[in-house]
Amino acid sequence: MRDTIRKWLEDGVVDVFLGYKAVDGHVIPWIFKKSELDELDAFCDGPYRYPLEKMAREILQEDEHVRVGLLARQCTERAVTMLQALQALDRQDCGFCPERAARLPGRLRWCVQL
């Protein structure tokens with residue numbers, strides 16, 4: 001997964017990627033950027049529970065041109081679907097398939113956590 005995120009950032013598929021990083025022994029939500037790719041070494045993949053979809057929504061609302069990647073589980077997908085239903089997130093802003101992310105329209109990309 002770390003390689004996919006690195007490639008997305010390097011290739012410009014996303015401008016930022018929301019995931020988790022280990023800091024002083026604690027795993028916290030983190031915004032990974034192309035300018036700071038070395039931070040991906042501390043990327044954590046696991047059963048962590050933080051509202052990344054809410055963070056993505058706030059980022060997308062503040063900057064209409066940013067493309068956001070998001071570490072996703074089924075509960076994250078359900079939350080984004082609900083945000084879309086409430087019109088808090090535009091359906092056109094989302095692309096859901098990591099294999100086809102570079103070809104999908106929209107500004108929100110998924111990297112599915114298995």
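- A ring-centre distance under 6.0 Å is found for Tyr20 and Tyr50.
- Looking only at side-chain heavy atoms (C-beta outward), Leu52 and Pro29 come within less than 4.5 Å of each other.
- The salt bridge (Lys or Arg N to Asp or Glu O under 4.0 Å) test applied to Glu36 returns no partner, not counting sequence neighbours.
- How far CG of Leu40 is from CG of Leu9: 6.5 Å, rounded to the nearest 0.5 Å.
- The CZ atom of Phe32 sits 10.5 Å away from atom CG of Asp38, with the distance rounded to the nearest 0.5 Å.
- Residues Val68 and Phe17 fail the side-chain proximity criterion, which asks for heavy atoms closer than 4.5 Å.
- Rounded to the nearest 0.5 Å, atoms CD (Gln61) and CZ (Arg57) are 4.0 Å apart.
- Within the 4.5 Å cutoff, the side chain of Val14 has no heavy atoms near those of the Val66 side chain.
- Applying the salt bridge (Lys or Arg N to Asp or Glu O under 4.0 Å) rule to pairs touching residues 12-26 yields Asp15-Arg67, Lys21-Glu39, sequence neighbours excluded.
- The salt bridge (Lys or Arg N to Asp or Glu O under 4.0 Å) search around Arg2 returns none, not counting sequence neighbours.
- Remark: Lys7 engages Asp11 in a side chain to side chain donor-acceptor pair (under 3.5 Å) (not counting sequence neighbours).
- For Ile28, the side-chain contact (heavy atoms from CB on, under 4.5 Å) partners at least two apart in sequence or on another chain are Val23, Trp30.
- Partners of Asp41 under the salt bridge (Lys or Arg N to Asp or Glu O under 4.0 Å) rule, at least two apart in sequence or in another chain, are Arg6.
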